[in-house]
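Structure first, commentary second.
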Amino acid sequence: MQMRQNTIFITGGTSGIGKGLAEAFHKAGNQVIVSGRREDRLREVCAENPGMRYFALDVRDPAAIRDVARRVVSEFPSLNFVINNAGVQRRLEFTPGTPLDEEGLQDEISTNVLGVIRVAAEFIPHLVQQPTATLVDVSSGLAFVPMARFPIYCATKAAVHSFTLSLRHQLKGTGVKVIELIPPYVATELGGPRKTVGPGGPQPMPLSSFIAETMEALAGDRDEIAIGDAGNLVAATNLDTVKRAFAGMNR
Ligand SMILES: NC(=O)c1ccc[n+]([C@@H]2O[C@H](COP(=O)([O-])OP(=O)(O)OC[C@H]3O[C@@H](n4cnc5c(N)ncnc54)[C@H](OP(=O)(O)O)[C@@H]3O)[C@@H](O)[C@H]2O)c1
């Protein structure tokens with residue numbers, strides 16, 4: 001895809017992968033608009049990257065997504081690129097005697113699944129009017145092989161993968177390219193303390209390496225971009241076979 005002169009809206013631009021991509025695209029000569037709930041962080045990111053803009057947005061709120069999408073498109077009619085990146089991860093126990101964390105369950109599903117679907121739905125009518133446009137959904141290697149201590153998180157990412165396959169199919173007659181970005185374990189704020197693993201445990205990919213590899217891959221034309229170890233998890237599911245069956249079912 002074209003890596004310069006895009007107008008890009010990114011959810012979850014206050015830290016980690018979203019902030020890293022926002023800054024990389026900003027440096028590469030794109031108009032970047034970041035969003036997230038923590039307005040102090042949004043202000044900081046924009047102050048550090050003159051010209052970058054922000055809109056405060058909680059993707060669990062459907063009315064707020066509709067309102068922000070309308071305001072972004074009206075202020076930036078050249079918008080041609082949306083990155084659906086906001087996400088949360090929780091450790092949830094389903095062992096006997098552990099009460100269900102109802103609030104955590106709702107938070108993960110509304111952020112990681114409903115948020116992604118609603119952001120896509122609100123921006124698609126504008127994106128299809130552009131000569132070419134891109135929509136990136138951020139899933140995870142854990143969409144393909146779950147890690148049992150994050151049972152809902154992994155299920156939400158499997159949902160993002162499935163939704164993205166169908167969305168790509170539905171939009172194939174338009175100028176919108178739908179990409180799934182599949183990160184491995186990356187050193188960010190996701191899940192909080194889990195990032196502080198000791199020697200011998202799984203080590204996260206440094207954020208700067210992840211961003212560099214992602215930018216290089218986005219400059220190509222792949223629909224699915226699995227970075228680092230995420231490639232092994234995708235390979236474990238034989239995605240090519242799934243896609244052949246998908247093509248057969250969706251002729
Ligand atoms: N790091 C990893 O190991 C890894 C691996 C695979 C996939 N991913 C995926 O990559 C994406 C980015 O995660 P990250 O690793 O960069 O984690 P992070 O540093 O915790 O960033 C998460 C971002 O999502 C935003 N966010 C969370 N809830 C939100 C809500 N309700 N509304 C709007 N924004 C919200 C946060 O902003 P506010 O708190 O300011 O709202 C923050 O900017 C996520 O989808 C995650 O699942 C990460």
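Starting from 1, each residue takes its place in the sequence as its number. We count ligands from 1, going down the list as the structure has it; atoms in each ligand are counted the same way.
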Sub-4.0 Å atoms of ligand 1 with respect to non-hydrogen atoms of Thr111: 28 (N), 29 (C), 31 (N)

message: For ligand 1, which is the ligand I care about here, please tell me if Gly141 has any N or O atom under 3.5 Å from one of the ligand's N or O atoms.
response: no

statement: Judged by heavy atoms only, the candidate from Ala64, Gly12, Ser140 nearest atom 6 (C) of ligand 1 is Ser140

Thr14, any N or O under 3.5 Å of ligand 1 N or O: yes

query: Does some non-hydrogen atom of Thr11 fall short of 4.0 Å from ligand 1?
result: no

task: Would you kindly specify which portion of Leu57 sits under 4.0 Å from ligand 1, judged on non-hydrogen atoms: side chain, backbone, both or neither?
output: backbone

- prompt: Is the closest N or O pair between Val88 and ligand 1 shorter than 3.5 Å?
  reply: no

message: Tell me the contacting part of Ser139 for ligand 1: side chain, backbone, both, or neither, using a 4.0 Å heavy-atom threshold, strictly below.
response: backbone

- prompt: Near Arg60, which atoms of ligand 1 are under 4.0 Å from a heavy atom of that residue?
  reply: 31 (N)

query: How close do Val186 and Pro204 get, heavy atom to heavy atom, and via which atoms?
result: C-CB, 3.7 Å

- line: Here the atoms of ligand 1 under 4.0 Å from any heavy atom belonging to Ala86 are 24 (O), 25 (C), 26 (N), 34 (N), 35 (C), 45 (O)

message: Assigning hydrophobic clusters by single linkage (Ile, Leu, Val, Met, Phe, Trp, Tyr; side-chain heavy-atom cutoff under 4.5 Å), is Leu165 placed with Phe144?
response: no

- prompt: Mind checking whether Phe123 and Ile179 sit in one hydrophobic cluster, side chains of I, L, V, M, F, W, Y counted as touching below 4.5 Å?
  reply: no

query: With distance as the sole test, does Asn30 use its side chain to make a donor-acceptor pair with the main-chain N or O of Val32 at under 3.5 Å?
result: no

message: For Phe25 together with Phe81, are the ring centres under 6.0 Å from each other?
response: yes

query: Between Val186 and ligand 1, is there a nitrogen or oxygen pair with a distance under 3.5 Å?
result: yes

- prompt: Can Lys157 be said to touch ligand 1, with heavy atoms closer than 4.0 Å?
  reply: yes

- prompt: Which atoms of ligand 1 have any heavy atom of Gly87 under 4.0 Å away?
  reply: 22 (C), 24 (O), 27 (C), 44 (C), 45 (O)

- request: Show which atoms of ligand 1 fall inside a sub-4.0 Å distance from at least one heavy-atom site of Gly13.
  value: 43 (O)

field: Ligand-side contact atoms (ligand 1) for residue partner Val138, heavy atom cut-off under 4.0 Å
entry: 9 (C), 10 (O), 11 (C)

- prompt: Got a salt bridge between Lys19 and Glu189, using NZ or NE/NH1/NH2 to carboxylate O under 4.0 Å?
  reply: no

- prompt: Any donor and acceptor pair, going by atom type alone, linking the side chain of Asn85 with main-chain N or O of Thr11 inside 3.5 Å?
  reply: yes

query: Does Asp67 pair with Arg70 as a salt bridge, N-O distance under 4.0 Å?
result: yes

message: Any carboxylate oxygen within less than 4.0 angstrom of a Lys/Arg side-chain nitrogen, looking at Asp240 and Arg244?
response: no

message: Using a 4.0 Å cutoff against the non-hydrogen atoms of Gly16, which atoms of ligand 1 qualify?
response: 16 (O), 19 (O)

- prompt: Does Ala230 reach ligand 1, in the sense of a heavy atom lying below 4.0 Å from it?
  reply: no

message: Checking Thr164 now: which residues fulfil side-chain contact (heavy atoms from CB on, under 4.5 Å) with it, not counting sequence neighbours?
response: Asp137, Val160, Arg168, Val178, Glu180

- prompt: For ligand 1, which atoms sit closer than 4.0 Å to a heavy atom of Pro184?
  reply: 2 (C), 3 (O), 4 (C), 5 (C), 6 (C)

- request: Quick one: list whatever passes side-chain contact (heavy atoms from CB on, under 4.5 Å) with Glu93, sequence neighbours left out.
  value: Thr95, Thr98

- request: Before signing off on this row, confirm whether Val59 and ligand 1 have an N or O atom pair separated by under 3.5 Å.
  value: yes

message: Evaluate Leu190 for polar contact with ligand 1, using N/O atom pairs at a separation under 3.5 Å.
response: yes

query: Counting only heavy atoms not in Gln2, do more than 12 sit closer than 6.0 Å to its CD atom?
result: yes

